[in-house]
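Worksheet for the structure shown next.
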Amino acid sequence: MTGSADLAFLEGPVLEVAPRLLGAVVRAGEVAVRLTEVEAYDGENDPGSHAFRGPTARNRVMFGPAGHLYVYFTYGMHHCCNVVCGTPGTASAVLLRAGEVVDGLEIARSRRPGVPDRDLARGPALLCRTLAITTRDDGTDLTGGHIRLDPAPPADAGVQIETGPRVGLRHAAERPWRFWIAGDPTVSRYRPAVLRDRSAARRRGTS
DNA sequence: AAACAGATCTACT
DNA sequence: GTAGATCTGTTTT
């Protein structure tokens with residue numbers, strides 16, 4: 001539990017890294033979450049990635065080395081966090097979508113009063129809220145600081161994994177790059193990505 | 001300086 | 001099951 005975690009596996013291709021993060025534990029201070037649901041984002045090759053159009057002030061962390069945290073803010077009120085993977089220069093990352101609180105339960109509950117335990121980190125913004133992760137933590141090294149990541153224990157190596165489309169994307173929504181632990185109750189159950197842009201479809205339809 | 005876009009969540013029927 | 005609130009940070013001019 002002490003010392004630095006071995007995060008070398010994060011340097012691989014994002015589609016291999018993402019499923020291996022299931023069962024891994026993210027610890028932020030007193031609260032720890034075991035990951036049950038993640039999504040892969042393949043940087044400049046992926047229209048769904050924030051890095052698709054190249055480096056900017058916001059996404060620069062993703063272009064750096066693996067094992068750091070990329071945190072972004074969206075919808076005016078939500079934080080979401082990713083684990084950067086791949087080699088420097090590539091901008092692949094894995095969105096942490098959901099997990100199970102495995103330590104610091106009292107503190108986690110106090111951050112989300114009245115919520116059932118299984119829902120404490122059920123969804124990417126909720127996971128960040130339960131771990132108190134904000135854009136202040138953007139770029140954090142995960143090998144052993146105030147926020148750290150520990151690989152899935154051997155017991156999780158054989159868990160059954162399911163895949164499906166990523167949630168909520170406008171582009172590349174069809175890629176089945178969402179991974180979750182089969183049957184786990186903490187996996188978010190939001191609707192799959194849907195087409196929102198009816199006006200564009202209508203414009204095209206009147207040809 | 002201004003416009004845009006959003007990898008969500010909650011509430012409501 | 002679905003509609004809509006929400007409003008900041010980022011990007012572009």
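Naming: A, B, ... by sequence-line order, numbering from 1 per chain. Hydrogens, waters and symmetry mates are skipped; everything else that's a heavy atom, side chains included, is used. Since the model is a prediction, treat every value here as computed from it, not as a measurement.
Taking atom CZ of residue A/Arg112 and atom P of nucleotide B/dT8, one finds them 15 Å apart after rounding to whole Å. As a whole-Å value, the separation of A/Leu96 CG from B/dT8 C1' is 15 Å. If you measure from atom CZ of A/Phe73 to atom P of B/dA5, you get 19 Å, rounded to the nearest angstrom. Separating the NE2 atom of A/His79 from the P atom of C/dT10 is a distance of 11 Å, rounded to the nearest angstrom. Protein atom CG of A/Leu126 is 5 Å distant from nucleotide atom P of B/dC9, rounded to whole Å. In this structure, A/Arg136 places its CZ atom 17 Å from P of C/dT8, rounding to the nearest Å. The interatomic distance linking A/Arg60 (CZ) with C/dT10 (P) rounds to 9 Å, in whole Å. Regarding A/Asp138, its CG atom lies at a distance of 13 Å from the P atom of C/dG9, rounded to whole Å.
Under a 3.5 Å cut-off, the side chain of A/Arg166 and the backbone N or O of A/Ala172 do form a donor-acceptor pair. Between the A/Thr140 side chain and the A/Leu142 main chain, no donor and acceptor come within less than 3.5 Å of each other. A donor-acceptor pair under 3.5 Å links the side-chain atoms of A/Arg60 to the main chain of A/Ala57, judged by distance alone. In this structure, the side chain of A/Asp46 does not engage the main chain of A/Gly43 through any donor-acceptor pair within 3.5 Å. Using a distance-only test at 3.5 Å, with no hydrogens or angles considered, a donor-acceptor pair links the side chain of A/His68 to the main chain of A/Gly139. Within the 3.5 Å criterion, the main-chain N or O of A/Val26 finds no donor-acceptor partner in the side chain of A/Asp150. With hydrogens and angles ignored, the 3.5 Å screen pairs no side-chain donor or acceptor of A/Asp42 with any backbone N or O of A/Ser92.
Comparing atom distances between the A/His78 side chain and each of C/dT8, B/dT8, B/dA7 picks out B/dT8 as nearest. Of the listed nucleotides (B/dT8, C/dG9, B/dA7), B/dA7 has the atom at the smallest distance from the side chain of A/His50.
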Every protein N/O within reach of nucleotides 11-13 of chain C N/O, cut-off under 3.5 Å:
unit_1: C/dT11; atom_1: OP1; unit_2: A/Thr56; atom_2: OG1; d: 2.3

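Stem analysis of DNA chain C (at least three stacked-register Watson-Crick or G-U pairs, each with both distances under 3.5 Å) gives B:1-6 with C:7-12, B:8-12 with C:1-5.
With the nearest nucleotide of DNA chain C identified for both A/Thr135 and A/Met77, A/Met77 has the one nearer the 5' end. Judged by closest nucleotide on DNA chain B, A/His171 is the one of A/Leu127 and A/His171 placed further toward the 5' end.
Checked against salt bridge (Lys or Arg N to Asp or Glu O under 4.0 Å), A/Asp6 has no partners two or more places apart in sequence or in another chain. Residues satisfying the salt bridge (Lys or Arg N to Asp or Glu O under 4.0 Å) criterion with A/Asp137, sequence neighbours excluded, are absent altogether.
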List, one per line, each side-chain donor-acceptor pair under 3.5 Å for residues 34-41 of chain A, sequence neighbours excluded.
unit_1: A/Arg34; atom_1: NE; unit_2: A/Asp156; atom_2: OD2; d: 3.4
unit_1: A/Arg34; atom_1: NH1; unit_2: A/Glu100; atom_2: OE1; d: 3.1
unit_1: A/Arg34; atom_1: NH2; unit_2: A/Asp156; atom_2: OD1; d: 3.0
unit_1: A/Thr36; atom_1: OG1; unit_2: A/Ala98; atom_2: O; d: 3.4
unit_1: A/Thr36; atom_1: OG1; unit_2: A/Thr186; atom_2: OG1; d: 2.9
unit_1: A/Glu37; atom_1: OE1; unit_2: A/Ser188; atom_2: N; d: 2.8
unit_1: A/Glu37; atom_1: OE1; unit_2: A/Ser188; atom_2: OG; d: 2.8
unit_1: A/Glu37; atom_1: OE2; unit_2: A/Arg97; atom_2: NE; d: 3.0
unit_1: A/Glu37; atom_1: OE2; unit_2: A/Arg178; atom_2: NE; d: 2.7
unit_1: A/Glu37; atom_1: OE2; unit_2: A/Arg178; atom_2: NH2; d: 2.7
unit_1: A/Glu37; atom_1: OE2; unit_2: A/Ser188; atom_2: OG; d: 3.0
unit_1: A/Glu39; atom_1: OE1; unit_2: A/Tyr41; atom_2: OH; d: 2.7
unit_1: A/Glu39; atom_1: OE2; unit_2: A/Val167; atom_2: N; d: 2.9

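The stretch residues 31-47 of chain A touches DNA chain B through A/Tyr41, each having a heavy atom within less than 4.0 Å of the strand.
Taking the centre of each ring, A/His79 and A/Tyr72 stay at or above the 6.0 Å mark.
With hydrogens and angles left out, the side chain of A/Tyr75 and the base of B/dA5 share no donor-acceptor pair within 3.5 Å.
Of the side-chain N and O atoms in A/Arg129, none sit less than 4.0 angstrom from OP1 or OP2 of B/dT8.
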